[in-house]
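These notes are about the structure you will find just below.
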Amino acid sequence: MQYNFKEIEEKWQKKWQENHAFRAQADSGRKKYYLLEMFPYPSGKIHMGHVRNYTIGDVASRFKTLQGYNVMHPMGFDAFGQPAENAAIKNKTRPADWTYKCIKEMETELKKMGFSYDWDREVATCDSEYYKWNQWIFLKMFERGLAYKKSSNVNWCPSCQTTLANEEVIEGGCWRCHAKVEQKDLEQWYLKITEYKEKLLEDLGQLKNWPERVLAMQNNWIGKSSGVDINFRLKGSDKVIPVFTTRVDTIFGATYIVLAPEHPLVRELIKGKPQEKEVLSFIEKVAKESKLVRTSSDVKKEGAFTGSFAINPVNNEEVPIWVADYVLMEYGTGAIMAVPTHDQRDFLFAQEHQLPRRLVIMPKDGSVKSAEELKEAYEGEGLQVNSGEFNGLLNTEAKTKIAGWMEKNGMGKIQAHWRLRDWLISRQRYWGTPIPIIYCPQCGIVPVPDKDLPVELPADAPFTGEGGSPLAKVKEFVEVKCPRCAGGARRETDTMATFFDSSWYFLRFCSPKFTAAPFDQQEAKYWMVVDQYIGGIEHAILHLLYSRFFTKFFQDLKMIDFNEPFDRLLTQGMVLKDGEVMSKSRGNIVDPDSMIKDYGADALRLFILFAAPPETELEWDKRGLEGAFKFLNRVWRIQDNLVDTARPEMLKNLHKTIKKVSADFSEFKFNTAIASLMELTNAVYQSGADRKVLQSLVIMLSPIVPHFAEELWGILGNKESIFKSAWPQYDPQLLVEENIELPIQINGKLRSKIEVSRNLPEDKLKELVLLDQKVVPWLEGRAPKKIIIVPQKLVNIVV
RNA sequence: GCUGGAGUGGUGGAAUGGCAUACACGUCGGUCUCAAAAACCGAUGGGGGCAACUCCGUGAGGGUUCAACUCCCUCCUCCAGCACCA
């Protein structure tokens with residue numbers, strides 16, 4: 001006999017919905033728990049990745065509820081973005097219609113999984129009630145100079161016909177469509193995330209409950225590197241060329257300096273020089289290269305001499321100034337000092353162009369004594385040579401000494417440079433938040449006044465897929481009166497990157513219908529911070545970095561009093577099939593919906609939690625799903641074999657399980673928690689359980705298989721929902737065993753076991769152990785050298 | 001190259017100094033059945049032995065310890081992020 005999952009699941013989903021069973025309300029008398037999973041893009045269908053992410057969250061949410069917390073577990077939709085526009089082009093629909101239809105479908109699918117969301121808090125970022133506040137936030141940033149417009153070389157996706165943020169370029173391709181990203185000079189809107197770079201880096205240290213790898217990735221991305229900006233004076237001029245180095249210990253070995261081809265000084269340096277023509281054609285050539293080619297390290301390093309010289313401030317030496325493609329304008333000062341002996345790139349370049357080199361760090365073992373012996377740059381530690389007063393010092397020590405000395409003498413400045421760039425948010429797309437800016441021929445850039453928010457998206461626009469902002473073609477949208485002078489003006493027609501929307505949605509969930517501000521500060525004070533956040537590793541940089549930035553901004557506005565939004569972060573692993581990521585192109589997608597039809601949502605939830613720990617990759621296994629279903633049926637049948645009173649061993653077993661499962665749930669170790677529940681089931685299955693034992697088992701299963709548990713709970717005679725009951729407590733008294741089995745090791749290897757009373761004194765235990773049948777032959781008649789007793793754990797005899 | 005993570009049966013995985021392989025999948029054997037499915041019971045790291053038992057075994061090698069999957073050192077392999085970043 002099998003339990004009727006279809007009927008049971010529908011029944012309980014209906015009840016939960018009717019009762020608003022998971023509605024959360026702030027209550028200062030109760031301890032809150034804010035559990036959040038990264039909200040989805042509403043594609044219309046959920047995939048196994050969603051199932052895994054949201055199942056993990058749901059179990060945690062229901063577990064915390066049973067533990068008595070006031071849990072908020074909201075859900076919404078990250079609803080702006082390109083697929084809606086693509087669908088509009090393809091199906092001749094409006095992006096809004098398509099999106100809201102998908103949201104409906106997606107809600108239905110999520111409900112079929114039995115997730116315990118407070119649907120009363122649902123938000124969709126494409127609602128003007130939501131994106132109004134994107135515009136409000138943007139304007140607050142604009143007021144403070146954190147949103148600004150600049151013309152610059154930007155990443156351009158030719159396929160999506162829009163600009164991209166640095167964070168959206170993955171291996172030289174577009175994060176969405178993988179098309180090769182091009183460079184373009186455009187005037188665009190930026191958010192000054194670099195204003196917060198120190199805090200973003202420093203506060204990573206607070207995030208004790210984040211995975212190492214996410215912290216490492218953010219650290220890399222922010223990319224602080226400390227060194228010295230050294231002032232090289234231009235020969236025959238007062239002009240100074242600052243170069244950045246992290247290896248100031250090698251300054252005495254700098255034999256030339258190199259500028260990036262885009263360096264503003266280059267054209268001035270070559271003016272009227274015999275090299276002018278050659279350098280100009282080189283610059284032109286580099287300008288044509290794509291960034292991907294330019295920055296790949298295996299390309300030959302090319303360059304040209306400018307005909308000018310600079311003065312090394314530490315020894316007043318004249319060094320030639322070169323231009324080369326391996327120096328990038330956007331990092332450091334766009335200029336470097338070259339030390340061919342101790343930097344491999346400089347070494348290769350110097351070899352190619354016959355530039356001199358000088359040894360300034362000598363390996364301590366004396367293996368290298370002069371620059372001529374080097375076959376490659378020596379980048380290791382060593383003693384300073386040819387370095388004036390610093391000779392003989394270990395280079396690692398000399399580094400700080402030289403830096404201090406240079407700063408004191410005005411030769412340079414101790415300085416850090418960062419990898420993090422400002423965030424480009426302009427997108428030449430329709431389906432996003434309109435940037436609330438008006439361009440007036442008289443007044444210039446004018447922000448839309450708060451009272452005119454939201455700047456609503458027109459319901460329709462011409463979608464051709466030919467590029468250019470569709471909004472620019474909507475006359476009624478573009479033409480507007482200037483809020484300052486009331487003269488004719490035009491609106492900004494670009495929209496915001498969708499990552500803007502998701503950078504603060506966790507705050508909106510605290511008061512989703514609030515009309516006076518993005519969020520109600522009182523509500524946020526109660527609910528924030530997010531106690532547990534769960535989502536995919538793909539957001540390790542983008543979304544998580546932006547959310548941290550917004551949080552710090554709100555703190556500066558004094559709207560909140562914390563500086564990090566997410567206390568604990570769990571990044572769940574991917575769901576694989578045959579060792580590969582499930583994807584349409586591979587044709588290896590397993591549709592959750594068909595699995596729900598065949599085995600039920602509960603079995604699917606159980607399998608996905610049991611098959612692997614949450615952070616690791618999970619291999620899809622249909623047979624594993626069948627196994628989960630079989631287990632549920634096994635538990636279901638226990639009700640047919642109820643006994644009147646639980647035997648003492650059974651109770652002991654139960655309390656052991658409660659202890660283990662409670663600990664495992666708290667640490668998100670669902671796979672081992674389930675294993676314990678299976679052990680308990682196996683232990684009572686044949687002999688029969690009493691009502692109490694079965695009830696406790698069902699409560700412990702309920703976060704994982706909620707419909708199943710509700711039904712069985714009712715059958716056992718309970719009138720209220722199982723989620724109104726309490727998580728079982730274990731009785732430590734019951735866990736104490738009178739007799740324990742001790743393993744006996746000889747020289748660290750297991751040879752025997754002995755059952756003894758728990759409190760047997762050590763000398764008695766020793767006596768018993770030495771008389772053990774299996775131990776005696778190993779002693780060969782001699783006395784043991786040593787007997788180690790780990791109380792109540794094991795005995796080890798050394799012979 | 002830098003940074004982070006991982007490597008355990010046929011498979012997913014368990015064990016954070018103390019009984020290696022819990023739990024499950026698979027496989028094999030059995031019970032029930034005319035038969036099959038379901039359900040139930042049992043076996044299942046490798047070698048040797050009729051057996052009691054014994055030797056080997058957690059990517060490789062070394063070390064610390066009475067005792068190492070676990071700690072330390074040296075390396076290998078795989079995955080991920082960053083990278084002509086000065």
Side-chain angles (χ1 to χ4, degrees), chain A residues 1-2 170-171 211-225 227-228 230 243-248 250 257-258 260 294-301 324-328 330-339 343-346 348-349 379 417-419 537-538 540-541 576 606-607 610-613 615-628 630-631 633-634 637 660 669 671-679 681-682 685-686 741-753 774 777 784-790 792-799:
Chain A
M1 189 196 68
Q2 291 182 347
I170 314 291
E171 286 174 3
E212 273 305 316
R213 65 172 165 163
V214 175
L215 296 174
M217 281 162 79
Q218 293 226 350
N219 212 325
N220 274 340
W221 188 263
I222 298 167
K224 182 178 184 177
S225 110
V228 179
I230 302 173
V243 306
F244 176 60
T245 183
T246 54
R247 288 294 308 275
V248 72
T250 64
I257 70 173
V258 189
R294 169 99 183 261
T295 56
S296 75
S297 50
D298 37 83
V299 176
K300 200 160 82 176
K301 296 170 182 15
D325 56 359
Y326 77 98
V327 176
L328 307 173
E330 60 268 26
Y331 189 76
T333 60
I336 62 156
M337 65 174 201
V339 185
D343 181 288
Q344 186 59 19
R345 291 157 303 173
D346 297 343
L348 293 172
F349 191 81
E379 293 176 339
H417 286 275
W418 304 71
R419 225 188 68 90
I537 186 72
E538 67 273 19
I541 296 171
L576 308 181
L606 177 64
F607 161 70
F610 181 57
E615 318 68 37
T616 60
E617 290 181 334
L618 183 151
E619 177 67 31
W620 175 259
D621 180 9
K622 177 88 177 280
R623 285 183 302 220
L625 176 59
E626 283 164 11
K630 279 205 282 200
F631 169 69
N633 281 306
R634 204 168 153 87
R637 283 190 298 264
K660 168 80 173 148
K669 290 157 100 177
N671 55 332
T672 50
I674 293 166
S676 307
L677 292 168
M678 285 174 167
E679 279 178 87
T681 303
N682 291 343
Y685 186 75
Q686 285 296 310
E741 191 190 52
L742 283 184
I744 304 174
Q745 294 183 332
I746 290 165
N747 294 334
K749 291 207 167 183
L750 178 73
R751 294 298 173 188
S752 183
K753 287 183 182 184
K774 288 180 183 162
K785 269 193 201 153
K786 206 175 180 184
I787 300 177
I788 290 142
I789 295 176
V790 185
Q792 296 177 39
K793 266 222 166 122
L794 98 173
V795 182
N796 189 14
I797 306 168
V798 188
V799 296

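Within every chain, numbering begins at 1; the chains are lettered A, B, ... in the order of the sequence lines, protein sequences first and strands thereafter. Here the structure is a predicted model, which means the values were calculated and not measured.
- Among the atoms of the strands shown, base atoms are found under 4.0 Å from some heavy atom of Ala675(A).
- Looking at Lys785(A), its side chain has no donor and acceptor atom pair within 3.5 Å of the base of rC66(B).
- Every residue two or more places apart in sequence or in another chain that forms a side chain to side chain donor-acceptor pair (under 3.5 Å) with Trp221(A) is listed here: Glu167(A).
- Distance from the side chain of Leu794(A) is smallest to rG18(B) among rC40(B), rG18(B), rA14(B).
- Here the separation of rC28(B) from rC66(B), taken at their P atoms, is 48 Å to the nearest Å.
- Separating the NZ atom of Lys622(A) from the P atom of rG26(B) is a distance of 12 Å, rounded to the nearest angstrom.
- Between Phe349(A) and Tyr326(A), the ring planes lie tilted relative to each other; the angle falls in the 30° to 60° range.
- For Val327(A), taking side-chain heavy atoms from C-beta onward, the closest of the listed nucleotides rC40(B), rA86(B), rA83(B) is rA86(B).
- Both key distances under 3.5 Å define a Watson-Crick or G-U pair, and stretches of 3 or more such consecutive pairs in RNA chain B run B:1-7 with B:76-82, B:10-12 with B:23-25, B:26-31 with B:39-44, B:45-48 with B:53-56, B:59-63 with B:71-75.
- Residue Val798(A) is in sugar-phosphate contact alone, with no base atom involved, counting any heavy-atom pair closer than 4.0 Å across all strands shown.
- Residue Leu215(A) contributes atom CG, which lies 15 Å from atom C1' of rA80(B) at whole-angstrom precision.
- As a whole-Å value, the separation of Leu606(A) CG from rC23(B) C1' is 12 Å.
- Heavy atoms of Glu626(A) sit nowhere under 4.0 angstrom from any nucleic acid atom.
- Nucleic acid contact for Glu679(A): sugar-phosphate only, since backbone atoms but no base atoms lie under 4.0 Å from a heavy atom of the residue.
- When the nucleotides rA20(B), rG4(B), rC82(B) are ranked by their closest atom to the side chain of Arg213(A), rG4(B) comes out on top.
- Separation of atoms CH2 (Trp620(A)) and CG (Leu625(A)) is listed at 5.0 Å; rounding is to 0.5 Å.
- The side chain of Lys749(A) places an N or O atom within less than 4.0 Å of a non-bridging phosphate oxygen (OP1 or OP2) of rC56(B).
- Glu379(A) places a side-chain N or O within 3.5 Å of a backbone atom of Gln344(A) that can act as its donor or acceptor partner.
- Atom CD1 of Ile746(A) and atom C1' of rC19(B) are 14 Å apart (whole Å).
- Comparing rA22(B), rC85(B), rG4(B) by their closest approach to the side chain of Thr672(A) singles out rA22(B).
- Of the side-chain N and O atoms in Arg751(A), one or more sit less than 4.0 angstrom from OP1 or OP2 of rC55(B).
- The separation between Lys630(A) atom NZ and rA38(B) atom C1' is 9 Å, rounded to whole Å.
- No contact: Pro211(A) has no heavy atom under 4.0 Å from any strand.
- Ranked by how close their nearest RNA chain B nucleotide is to the 5' end, Ile541(A) and Val214(A) are led by Val214(A).
- Using a 4.0 Å cut-off, some side-chain N or O of Ser225(A) falls inside it from OP1 or OP2 of rA86(B).
- With rC41(B), rA86(B), rC66(B) as the choices, the nucleotide that has an atom nearest any side-chain atom of Lys786(A) turns out to be rC66(B).
- The side-chain contact (heavy atoms from CB on, under 4.5 Å) with Ile336(A) is formed by just one residue from the set Asp346(A), Ile230(A), Leu328(A); it is Asp346(A).
- For the pair Gln686(A) and rC41(B), the criterion of a side-chain N or O lying under 4.0 Å from OP1 or OP2 is met.
- Side-chain atoms of Glu212(A) lie closest to rG4(B) of the nucleotides rG4(B), rA20(B), rA14(B).
- Asn220(A) and Arg419(A) form no side-chain donor-acceptor contact under 3.5 Å, judged by distance and modelled atom types alone.
- Among the atoms of the strands shown, only primed sugar atoms or phosphate atoms (P, OP1, OP2) are found under 4.0 Å from some heavy atom of Arg623(A).
- For rC82(B), the base has no donor-acceptor partner in the side chain of Asn220(A) [N/O atoms by modelled type, under 3.5 angstrom].
- rU65(B) atom P lies 17 Å from atom CD of Gln745(A), rounded to whole Å.
- Rounded to an integer number of Å, the gap from CG of Asn682(A) to P of rA22(B) is 13 Å.
- Checking Met217(A) against Asp343(A), the closest nucleotide of RNA chain B that is more toward the 5' end is the one next to Met217(A).
- Glycosidic conformation of rG61(B): anti, with the torsion beyond 90° of 0.
- Dashed line: the shortest gap from a side-chain N or O of Arg345(A) to OP1 or OP2 of rC85(B) is under 4.0 Å.
- Residue Lys774(A) is classed as a sugar-phosphate contact, given heavy-atom separations below 4.0 Å to backbone atoms only.
- Rounded to the nearest 0.5 angstrom, Lys753(A) NZ and Glu741(A) CD are separated by 4.5 Å.
- Atom P of nucleotide rC84(B) and atom CG of Asp325(A) are separated by 12 Å, given to the nearest angstrom.
- Within 4.0 Å of Tyr685(A), counting heavy atoms only, lie sugar-phosphate atoms of the nucleic acid but no base atom.
- Nucleic acid contact class of Asn796(A) (heavy atoms, under 4.0 Å, all strands): base.
- For the atom pair Ile746(A) CD1 and Ile797(A) CD1, the distance stands at 5.0 Å (nearest 0.5 Å).
- Remark: Lys630(A) NZ to Arg634(A) CZ distance equals 10.0 Å, nearest 0.5 Å.
- Asp343(A) contributes no side-chain N or O that, together with a main-chain N or O of Ala338(A), makes up a donor-acceptor pair within less than 3.5 Å.
- Within 4.0 Å of Gln344(A), counting heavy atoms only, lies no atom of the nucleic acid at all.
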